[in-house]
2 protein chains.
Amino acid sequence: MTRLHAGNPDPVRAILDGMAAWAGAPADEAQCPVRDVLDRVGQKWTLLILVALEPAPRRFSQLQRQLRDISKRMLTQSLRQLERDGLVSRQVFPTKPPSVEYALTDLGRSALPAIGALLVWADDNHEAIRASRAAFDAEEVA
Amino acid sequence: MTRLHAGNPDPVRAILDGMAAWAGAPADEAQCPVRDVLDRVGQKWTLLILVALEPAPRRFSQLQRQLRDISKRMLTQSLRQLERDGLVSRQVFPTKPPSVEYALTDLGRSALPAIGALLVWADDNHEAIRASRAAFDAEEVA
DNA sequence: AAGGGCGGTCTATTTATGAGACCATATCTC
DNA sequence: GAGATATGGTCTCATAAATAGACCGCCCTT
């Protein structure tokens, strides 16, 4: 499994094969690396936060302003998880009032190209997607 | 925005800039291409289903077996959304009992490299992530 | 006649997310 | 010195999303 690389002509198929190996005990499913990480990706703010930290480290309230419609609660929770996963670091400065700076770790930064690829795809194809939705909805009504 | 390409030396920053353009009216946030697509990505089964369809078209119950712990309800719902978005096609064969085949469209297939990159990253780095989690949890208790 | 596979829908429960009040501290404004 | 502002959170309560699993009609096999 760990010999997969971006240059692989068909990495997706190889990963599928790898995932199949976790078909055994139901309890093991959670241990499957792909599922494990995809669960994180499947949390609403994870990717957005990583992207927001790309240009430079940011403070809690800076992040909240930048993501505009995230609640403090979710921001706290998401940052804690990212910190636990080792993708983001948290540093407290003893100013008055104290300020807290969040930054990408090397591990976190290593995820950006893959995330970026997804964003580029989103950007390139969202017109087609919106058109498809409109067509689908038009048929529904008919 | 649509001039972003995978070869761009720093596509992520460019996208950030693009996202900033959607900072205006709160209602417009939902129209931001990145947020729009990321919402879909942030649904638990979307990526997994796309990956599962990569090798070949599959029927409903084949998919359910392959994804093992998805409920029929979520599988139905996720497939409908993917169909609406134009990433997956649905074809009914008038056999007895009728069989329904789901397949990737060209648009759906075009998303796979980006998703693949994410899976490869997950596969390469999940050991580091698990280690980080263990370390974090150990400190918590202490 | 009973059981199974097919592609779903429906209800009820659990989990995730969101809105917003609250806190202690300190600073700036009037 | 009263009031507003900012810091990084936590807490509670409501809503939205995901899950488990019963149920359905249809047909085939046993």
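Heavy atoms only: backbone and side chains are in, while hydrogens, waters and symmetry mates are out. Below, read A as the first sequence line, B as the second, and so on, with proteins coming before strands; counting in each chain starts at 1.
- Using a 4.5 Å heavy-atom cutoff, the side chains of Gln77(A) and Arg73(A) are in contact.
- Each salt bridge (charged side-chain N to carboxylate O under 4.0 Å, His left out) pair with one or both residues in residues 98-110 of chain A, not counting sequence neighbours, would appear here, but there are none.
- Remark: C1' of dG8(D) and CD of Glu83(A) are 14 Å apart, rounded to the nearest angstrom.
- Considering all non-hydrogen atoms of both residues, Leu75(B) and Phe60(B) come closest at CD2-O, 3.6 Å.
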Report summary line: B/S/- along nucleotides 17-27 of chain C (protein heavy atoms under 4.0 Å) is BBB------S-
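- Between Arg65(A) atom CZ and dT5(D) atom P the separation is 14 Å, expressed in whole Å.
- Atom CZ of Arg68(B) is separated from atom P of dT19(D) by 15 Å (rounded to the nearest Å).
- The backbone N or O of Lys72(B) sits less than 3.5 Å from a side-chain atom of Thr76(B), completing a donor-acceptor pair.
- Applying the 4.0 Å criterion to OP1 and OP2 of dG7(C), one finds that Ser61(B) has a side-chain N or O inside that range.
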Identify each donor-acceptor pair in which a side-chain atom of residues 41-53 of chain B lies under 3.5 Å from a protein atom, sequence neighbours left out, and give them as a table.
from, atom 1, to, atom 2, distance (Å)
Gln43(B), OE1, Arg40(B), NE, 2.9
Gln43(B), NE2, Gln81(B), OE1, 2.8
Thr46(B), OG1, Arg40(B), O, 3.0
Thr46(B), OG1, Gln43(B), O, 3.4

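- Atoms CZ (Arg90(B)) and P (dG7(C)) sit 10 Å apart, rounded to a whole Å.
- The salt bridge (charged side-chain N to carboxylate O under 4.0 Å, His left out) check on Arg133(B) picks up Asp36(A), Asp85(A), with sequence neighbours excluded.
- In this structure, Phe93(B) reaches neither bases nor backbone, as no heavy-atom distance under 4.0 Å exists between it and the strands shown.
- Distances shorter than 4.0 Å separate none of the side-chain N or O atoms of Thr76(B) from OP1 or OP2 on dG8(C).
- The shortest distance between the side-chain N/O atoms of Arg80(B) and the OP1/OP2 oxygens of dG7(C) is not below 4.0 Å.
- Taking every heavy atom of both residues into account, Arg80(A) and Phe136(B) meet most closely at O-CZ, 4.4 Å.
- The bend of the helix from dA1(C)-dT30(D) to dC30(C)-dG1(D), defined by the angle between the axes of its first five and last five pairs, stands at 10° to the nearest 10°.
- Protein atom CG of Leu67(B) is 15 Å distant from nucleotide atom C1' of dA18(D), rounded to whole Å.
- Considering every non-hydrogen atom in both Val92(B) and Pro98(B), the closest pair reads CG1-CB, 4.5 Å.
- Ser110(B) pairs by the side chain to side chain donor-acceptor pair (under 3.5 Å) definition with Trp121(A), not counting sequence neighbours.
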